[in-house]
Each structure stands twice: as C-alpha cells, then as structure tokens.
Amino acid sequence: MSDKPHQNLAVIGHVDHGKSTMVGRLLFETGSVPEHVIEQHREEAEEKGKGGFEFAYVMDNLAEERERGVTIDIAHQEFDTDEYYFTIVDCPGHRDFVKNMITGASQADNAVLVVAADDGVAPQTREHVFLARTLGIDEMIVAVNKMDVVDYDENKYKEVVSDVTDLLNQVAFPTEDASFVPTSAFEGDNVSEPSENTPWYDGDTLLESLNNLPEPQPPTDAPLRLPIQDVYTISGIGTVPVGRIETGIMNVGDNVSFQPSDVGGEVKTIEMHHEEVPEAEPGDNVGFNVRGIGKDDIRRGDVCGPADEPPTVAETFQAQVVVMQHPSVITAGYTPVFHAHTAQVACTIESIDQKMDPSTGEVAEENPDFIQSGDAAVVTVRPQKPLSIEPSSEIPELGSFAVRDMGQTIAAGKVLSVNE
Ligand code: GDP
C-alpha cells in the first residue's frame with residue numbers, strides 16, 4: 001500500500017466503448033501491470049518473434065483470454081499517480097456492478113465515463129450517468145475515446161462533448177464537475193502523454209485529470225457506523241463480529257450498540273490484519289470483541305455504532321429511487337428485496353409518492369399509480385423485518401440501497417428520511 005490518499009474510481013460507459021482497454025492502458029502506463037503478467041507476455045511475444053513488448057500485445061492476449069472464457073477482472077485493479085492511489089471499483093458489465101456500487105464496499109468517489117467518439121452517447125452511457133448522479137459521484141472525467149477511429153477530428157470531439165453535456169444537464173449533474181479528454185485507449189493518445197494527433201487540444205491528459213481530482217474526505221466526523229459482515233467465535237477471545245468501518249472511529253473502551261438486534265457493550269479488543277489496534281477508522285476492515293455479546297445475539301446486516309448515537313432502525317423510510325429495469329410496472333404493495341450495506345431485507349413499497357421529471361428533477365406527478373423502467377420517483381418503504389438504515393443527507397455511506405428481484409437489480413436509491 002502507498003501512503004498517498006486513496007481514491008475509489010468507477011469506470012463507466014456503454015459496452016465496447018473501451019472501458020477495459022482504457023483500464024489496461026492506465027495500468028500499463030503507470031507501471032501497474034503485475035510484473036509476472038508483463039513477463040509472461042514478453043516471453044510469448046519473443047517466442048512468436050514479435051519482438052519487443054507493447055501495450056497492443058498485452059491487450060491482444062487479454063482479448064484472446066477473453067475469447068477462451070477467462071474473465072479479465074478489471075475491477076479491483078490498482079494504480080497510482082503523483083497525488084493518489086487509485087482502486088478501480090466494480091465496473092459495469094460485472095454482474096453485481098450496480099448493486100456493489102450502491103451498497104457499500106466499493107462505493108466510488110469519482111468516475112471515468114468512456115464514450116466512443118464514433119458511437120457517441122449510447123443507452124448505457126445514459127444509464128450510467130443517471131446512476132452516477134443518483135449515487136453521488138463527485139466528479140466525472142469524460143474520455144471521448146477511439147479518437148483514432150474518427151481520424152482525430154476536432155468537430156467530432158466537440159459534437160460528443162456537447163451531447164454528453166446535454167445528458168449531464170438532463171440528469172442535473174453539475175457540468176462544472178465534469179471534464180473532457182479526447183483519447184484513444186488503444187493507441188495511447190492523451191492517456192498519460194499529450195498526443196501529437198490532437199494539436200487542437202491543449203487540456204490535461206486523462207492521467208493528469210485523475211491526478212487533479214479533489215481529495216475525498218474520509219468520513220471520520222460522522223458517528224461510527226460499522227455494518228456487520230459476519231460473526232465468528234474464536235477460542236480464547238469469544239464472539240468476533242467483523243466488518244468494514246464506513247464512518248467514524250472505533251476505540252477500545254467505546255460503548256457500542258448493535259442495531260436492529262438492540263444489544264451492546266464495551267469494545268474490549270479491535271484486530272486488524274491479525275494485529276491488535278487501539279482504534280480503527282473508515283475503510284478499515286476489523287474484527288472486534290464486545291464484552292457480554294454472544295454469537296447468537298448479533299448477525300450479518302446489523303450495524304454497530306456508539307451507544308449514545310446508535311444506528312437508526314426504520315419503521316418506514318422515504319427514498320428517492322431510479323427504476324433501472326423492470327419487465328412490467330411497479331405499483332404500491334410490491335415487495336422486492338432491498339440490499340443496503342450488508343443487510344438484505346424484503347421491503348414493501350407502501351406508496352409511490354411522487355414521480356420526478358429526470359430532465360429537471362422537479363415533481364412531474366403526485367401519487368402516480370405506477371412507475372416503470374427509466375422513472376425516478378419518491379416512494380415510502382416498509383421493511384418486513386427490522387432494518388438499520390440512515391438518511392443519506394446525514395450518513396450517505398449508510399443511506400443508499402439496491403432493489404433486487406428475479407436475479408436482477410431493478411432499482412437503486414437513496415434514503416431521504418427515516419421514520420423510526
Ligand atoms: P468495454 O466493453 O467498454 O470494456 O470495451 P473494450 O475495452 O473491451 O473495447 C471494445 C473494443 O474496442 C475492443 O476491440 C478494443 O480493442 C476496441 N477499442 C477500445 N478502445 C479503442 C480505441 O481507443 N481505439 C480503437 N480503434 N479501438 C478501441
């Protein structure tokens with residue numbers, strides 16, 4: 001690990017617009033492709049008499065591997081710039097991208113949106129931009145990619161920039177938080193080096209834009225929130241819940257409360273990376289032990305917080321949702337499974353309160369009879385079992401969820417208010 005501040009980066013965009021190639025290029029040009037992978041490809045290149053070693057050869061091999069059905073996992077790859085240490089969180093196309101993006105571990109701070117210059121704004125471009133906005137991506141760097149395919153034509157670039165700007169305006173994503181770079185992931189133009197092929201462009205390269213992102217502020221000021229992933233019994237210690245601290249600080253000696261199980265006690269020990277530590281902070285994966293708590297007292301989906309500022313348990317909550325895909329219509333009474341942090345709870349959509357106009361964000365209809373794919377709405381939700389969840393304005397890390405049904409993510413949303 002590096003000492004540089006950390007950034008979680010999402011790479012989003014329509015299929016085939018060049019996301020994987022761009023990630024490969026970024027890793028390659030920052031020297032982050034694992035040595036053994038480079039070595040393997042270098043050897044193969046020499047054997048095949050291709051000589052030398054270049055990016056295209058690595059990517060060809062990745063393409064071959066893909067054809068052979070080997071998954072190239074571009075998620076969870078890491079690279080660094082002068083300022084930051086980046087982790088690429090789940091990428092679209094990954095089965096659980098949307099769900100993961102919303103529910104915690106992989107929450108992205110910023111995003112690179114890849115839009116192919118020859119194809120322009122495509123359906124998934126819209127979908128991902130909408131999602132990025134709903135989920136609170138701070139800054140978006142738009143790579144207008146495959147510039148080589150359009151002969152590095154400035155007018156084509158401007159056209160795509162204008163279309164993407166319209167799209168950002170439509171979903172009310174602040175355009176001052178977006179920047180644009182003409183790239184070719186394949187040829188390497190404006191990725192880490194300014195390209196001679198785009199003399200009309202004198203802005204930052206993609207890597208410079210990433211380097212210039214504002215620093216994400218770790219949520220240490222918020223109260224402790226630690227969603228429990230698992231509960232173990234370890235001989236000599238006792239019950240050890242494990243999870244990742246989303247917000248706040250946990251200290252040995254703190255009085256904590258687990259909700260909705262509604263038990264609590266004093267933190268006796270905290271362990272991280274097999275070592276005891278006196279305190280832990282946001283992003284830390286910890287196991288800890290609380291005096292008097294047995295294995296059956298708490299479970300996955302509980303949230304641990306300070307006893308004097310315990311995690312909120314919702315009787316009902318009001319939320320803003322975006323319906324991504326649903327074969328028919330959603331009406332009041334519908335009860336899919338909500339995934340929020342580590343909890344999965346069936347929840348009834350008790351009422352559909354407002355339908356929003358996505359182009360203005362204003363209310364388009366009060367109490368509509370139904371909503372469907374593409375709609376944004378405010379709904380009132382009643383969990384069928386106790387669920388700990390927070391208003392996203394107060395603790396965004398614990399205020400978003402994915403709605404799943406029939407093996408698909410059908411909607412995503414964030415909590416506006418909680419009725420305890
Ligand atoms: P993804 O589905 O968005 O991850 O797209 P891929 O990275 O798999 O790229 C899809 C196809 O476009 C592949 O055949 C790539 O080689 C090609 N491609 C990606 N970026 C570029 C580029 O900048 N220029 C050209 N000519 N082809 C590209």
Side-chain angles (χ1 to χ4, degrees), residues 103-107 218-317 338-347 382-401 415 417-420:
T103 54
S106 65
Q107 193 126 28
T220 44
D221 290 346
L224 173 71
R225 291 295 183 262
L226 194 174
I228 304 305
Q229 272 158 17
D230 258 311
V231 183
Y232 297 103
T233 306
I234 294 180
S235 62
I237 303 182
T239 302
V240 177
V242 300
R244 196 182 95 122
I245 297 188
E246 291 296 335
T247 61
I249 308 270
M250 176 182 264
N251 288 290
V252 169
D254 282 355
N255 246 317
V256 294
S257 157
F258 294 84
Q259 297 297 340
S261 286
D262 200 22
V263 293
E266 184 193 324
V267 176
K268 280 199 300 189
T269 54
I270 306 174
E271 190 171 299
M272 188 162 65
H273 305 309
H274 307 290
E275 270 174 36
E276 268 198 32
V277 292
E279 68 160 41
E281 54 178 42
D284 289 347
N285 282 296
V286 297
F288 58 107
N289 176 252
V290 174
R291 201 177 295 276
I293 298 285
K295 188 174 191 317
D296 297 328
D297 295 336
I298 52 175
R299 54 199 54 82
R300 180 184 169 88
D302 274 343
V303 180
C304 177
D308 57 3
E309 220 172 337
T312 311
V313 179
E315 178 82 21
T316 61
F317 60 91
F338 279 54
H339 295 238
H341 53 89
T342 56
Q344 296 183 18
V345 173
C347 297
R382 181 177 294 274
Q384 294 300 305
K385 283 194 320 198
L387 169 66
S388 175
I389 200 159
E390 310 282 348
S392 107
S393 57
E394 286 168 31
I395 310 183
E397 291 79 4
L398 273 283
S400 53
F401 56 84
V415 178
S417 61
V418 176
N419 179 15
E420 293 180 46

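By convention here, the first residue in the shown sequence is residue 1.
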Distance from [X] atom [atom1] to [Y] atom [atom2], nearest 0.5 Å?
{"X": "Ser261", "Y": "Ile298", "atom1": "OG", "atom2": "CD1", "answer": "7.5 Å"}
{"X": "Gln259", "Y": "Ile228", "atom1": "CD", "atom2": "CD1", "answer": "11.5 Å"}
{"X": "Ile395", "Y": "Thr312", "atom1": "CD1", "atom2": "OG1", "answer": "6.5 Å"}
{"X": "His339", "Y": "Gln344", "atom1": "NE2", "atom2": "CD", "answer": "4.0 Å"}
{"X": "Cys347", "Y": "Ile389", "atom1": "SG", "atom2": "CD1", "answer": "7.5 Å"}
{"X": "Asp284", "Y": "Ile245", "atom1": "CG", "atom2": "CD1", "answer": "5.5 Å"}

Heavy atoms, side chains only, cut-off 4.5 Å: are [X] and [Y] in contact?
{"X": "Ile249", "Y": "Leu224", "value": "no"}
{"X": "Val290", "Y": "Phe258", "value": "yes"}
{"X": "Val286", "Y": "Val242", "value": "no"}
{"X": "Met250", "Y": "Cys304", "value": "yes"}
{"X": "Glu315", "Y": "Glu420", "value": "no"}
{"X": "Leu226", "Y": "Val303", "value": "no"}
{"X": "Ser417", "Y": "Pro391", "value": "no"}
{"X": "Phe288", "Y": "Val240", "value": "no"}

Would you say Thr269 and Asn289 are linked by a side-chain donor-acceptor pair, where the criterion is simply a distance under 3.5 Å?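 No, because no side-chain N or O of Asn289 sits under 3.5 Å from a partner of the opposite role on Thr269.
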If I compare all heavy atoms of Ile270 with all of Pro278, which pair ends up nearest, and what's the gap?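 Shortest heavy-atom contact: CD1-O, 3.9 Å.
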If every non-hydrogen atom of Ala314 is compared with every non-hydrogen atom of Val418, which pair is closest and at what distance?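 Smallest heavy-atom distance, with atoms named: CB-CG1, 3.6 Å.
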Would you check if the side chain of [X] reaches a backbone N or O of [Y] as a donor-acceptor pair within less than 3.5 Å?
{"X": "Asp297", "Y": "Gly294", "answer": "yes"}
{"X": "Lys295", "Y": "Tyr232", "answer": "no"}
{"X": "Ser257", "Y": "Pro310", "answer": "no"}
{"X": "Ser392", "Y": "Gly399", "answer": "no"}
{"X": "His341", "Y": "Ser388", "answer": "yes"}
{"X": "Arg300", "Y": "Gln229", "answer": "yes"}
{"X": "Thr342", "Y": "Gly301", "answer": "yes"}

Cationic N near anionic O, under 4.0 Å, Glu397 to Arg225: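 No, this pair does not count.
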Salt bridge check, Arg244 against Glu246: does any charged N sit closer than 4.0 Å to a carboxylate O?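 Counted as a salt bridge, because a side-chain N and a carboxylate O are separated by less than 4.0 Å.
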With side-chain contact (heavy atoms from CB on, under 4.5 Å) as the test, would you mind laying out the steps for Asp308 and Asn255 before giving the verdict? CA-CA 8 Å; Asp308 57 3; Asn255 246 317; over 6 Å; no
